[in-house]
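Order of the sequence lines sets the chain letters (A, B, ...), proteins ahead of strands, with each chain counted from 1. As a basis for the values below, the full set of heavy atoms in this structure was taken, side chains included, without hydrogen atoms, waters or symmetry mates.
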Number of protein chains: 2
Amino acid sequence: MAKTKALDKGKTLTAAHEDYIKAIYLLRSQDEEVTNSALANHLNVSPASATNMVKKLADLNLVEYEPYQSISLTVSGERVALEVLRHHRLLELYLHQELKLPWDQVHAEAERLEHVISEALEDAISLALGNPLVDPHGDPIPTKKGMVESVGGQPLSAARVHRKYRLVRVLMQDEERLRYLGALGLYPNVAISLLERAPFDGPLLVDIDGEHHALAYDMAASLLVVAWDETIEE
Amino acid sequence: MAKTKALDKGKTLTAAHEDYIKAIYLLRSQDEEVTNSALANHLNVSPASATNMVKKLADLNLVEYEPYQSISLTVSGERVALEVLRHHRLLELYLHQELKLPWDQVHAEAERLEHVISEALEDAISLALGNPLVDPHGDPIPTKKGMVESVGGQPLSAARVHRKYRLVRVLMQDEERLRYLGALGLYPNVAISLLERAPFDGPLLVDIDGEHHALAYDMAASLLVVAWDETIEE
DNA sequence: GATAACATTTAATCATGGCTAAAACAAAGG
DNA sequence: CCTTTGTTTTAGCCATGATTAAATGTTATC
């Protein structure tokens, strides 16, 4: 019982702590090196603030940190990250599915709620949703035990022409863009085919549920799809 | 546009601000004089902290305050109080009714959530519940416009023997006590009759839905009832 | 009306989590 | 190898919201 400081302290973590830990986890899971500036940038704080907090997290045994080195989570840190992420994604799904909030609004709302819900509420939400595994953007919801389903898929921008795909994940949280996608009917599980690809990473012509639309390349790069017939039909 | 500071600042109020304002409102509505110490006591902070915050709230035009005098809300202050209270009570009802959290837990949960839900979420919750007017404890839910239904009723401790009453409100938020009441089946709208009253403010023998129980005097004093036939049957 | 008892306010401090400016360090190019 | 460029850290500061201890004001009692 000597080195388990972080576990001892239990739920003394503030929203700020959780935000940093979540950011480290998310950056890492996008295969980005977690540098001080990347972290500061992701959280919209100054680099100095990031250093400051990272040091505190290191004291709590939640991150591994040596000055001037890149940052990583410890096992307890990752446990915290997954817990927060579970809250976040359960909330997103709940708000969208049960309370009918538009999907471009649920992220911001969950961002605040994730820090204050109790274990009991987390469980109740999960139960009400039937212990779901993905949120409205197709992001996987960590299980209570901290397991994360790896959602497969390739970027639509890299897909083959004239093949039917299923949209499985939207790597975007920006409200404007999500509203735009929503207007096109681009939600997870929708059928989408690539009709034509403009050169030089130009726009892509796609068929969404019968309708034709042009889609900017970088948008398409943030849409993960799998071949339609590789997936179980609902 | 000179004196409307509080309105100008809009949603820059912190959870601490809201807690103080809510406390002032609740103390006042229990006909207690809102003194500095009552406030400090209610919020579990030191008197010095209360003075400090009250001065800030006065600067924001949310409370009326002169040193050494008792404290009251301004019109904008009351508007804030009602908004927070609306959040709180909507959340309590939602958590209890839709997510099936035990009624003794919803207060603590709502206490945290009330400060972070958006207008849109508030509306969605209210809509999902059919724009309800009372929470699970029988406390009135302020309307969007800031109207509060006054819930009538007299303390059960002052009720007449051998008359059928309807429990309309439980003036208690303590988890232990609520759990106890719950175990007795004492929720709002339950039928209750006073069978016998012990002298010297002693326990009361009551009939709750056919079962007989003894109830401490101070408990009964926190239960508001109305004559069964004065109320609309469901 | 003086004084005791109590409530309130002031003053000085602390922890948190930001910030800016300056110093220290790392990595790359000449 | 040294210097330039960019990143990271340190140092000093600020606002928030709490604390305790001391000073001040209010009220009740004799």
Do NZ/NE/NH1/NH2 and the carboxylate oxygens of A:Lys144 and A:Glu119 come within less than 4.0 Å? yes
Nucleotide C:dT16, atom C1' - distance to CG of A:Leu60 in whole Å: 13 Å
Nearest-nucleotide wise, let me know which of A:Pro67 and A:Tyr20 is further upstream toward the 5' end of DNA chain C. A:Tyr20
Exam field: side chain A:Glu109 to backbone B:Leu121, donor-acceptor pair closer than 3.5 Å: no
For residues B:His96 and B:Val106, report the shortest heavy-atom separation together with the two atoms involved. N-CG1, 3.9 Å
Could you tell me how far apart A:Leu43 (CG) and C:dG18 (P) are, to the nearest whole angstrom? 8 Å
In whole angstrom, give the distance that lies between atom CD1 of A:Ile21 and atom P of C:dG17. 11 Å
Is the phosphate of D:dT10, meaning OP1 or OP2, less than 4.0 Å from a side-chain N or O of A:Tyr68? no
How many Å lie between CG on B:Asp59 and P on D:dG17, as a whole number? 13 Å
Closest-nucleotide 5' rank along DNA chain D - winner of A:Glu66 and B:Ser46: A:Glu66
N or O in side chain of B:His17 less than 4.0 angstrom from D:dG17 OP1/OP2: yes
Rounded to whole Å, CD of A:Glu18 lies from P of C:dT16 at a distance of 16 Å
Can you measure B:Asn52 atom CG to C:dA7 atom C1' for me and round it to whole angstrom units? 17 Å
Atom pair distance, as rounded to whole Å: CE in B:Met53 and P in D:dT19: 12 Å
Check whether any side-chain nitrogen or oxygen of A:Lys56 sits under 4.0 Å from OP1 or OP2 of C:dG17, and answer yes or no. yes
Treating B:Trp103 as the side-chain partner and B:Leu178 as the backbone partner, does any N or O pair qualify as donor plus acceptor under 3.5 Å? yes
Is a side-chain N or O of B:Thr74 found less than 3.5 angstrom from the main chain of B:Asn61, in a donor-acceptor match? yes
Strictly below 4.0 Å, heavy-atom distances to any atom of DNA chain D: list the hits from residues 26-40 of chain A, or just say none. A:Thr35, A:Asn36, A:Ser37
Check every atom of D:dA18, C:dA21, C:dT10 against the side chain of B:Ala48 and return the nucleotide holding the closest atom. C:dT10
OP1 or OP2 of D:dT10 less than 4.0 angstrom from a side-chain nitrogen or oxygen of A:Lys55, does that happen here? yes
Short side-chain N/O contact from B:Thr51 to OP1 or OP2 of C:dT9, under 4.0 Å: yes
In whole angstroms, how far is the C1' atom of D:dG17 from the CG atom of B:Asn44? 15 Å
Side-chain N or O of A:Tyr65 less than 4.0 angstrom from OP1 or OP2 on D:dT8? no
Please check this pair: side chain of B:Arg86 against backbone of B:Pro142, looking for a donor-acceptor N/O pair closer than 3.5 Å. yes
Applying a 4.0 Å non-hydrogen cut-off, can you work out what B:Pro47 is touching in the nucleic acid: base, sugar-phosphate, or nothing? base
A:Tyr217 versus A:Gly202, closest heavy-atom pair with distance: CB-O, 3.6 Å
Give me the one residue out of A:His107, A:Glu92, A:Arg169 that meets side chain to side chain donor-acceptor pair (under 3.5 Å) with A:His137. A:Glu92
Can you figure out which of D:dA21, D:dT10, D:dA18 approaches the side chain of B:Val45 most closely? D:dA18
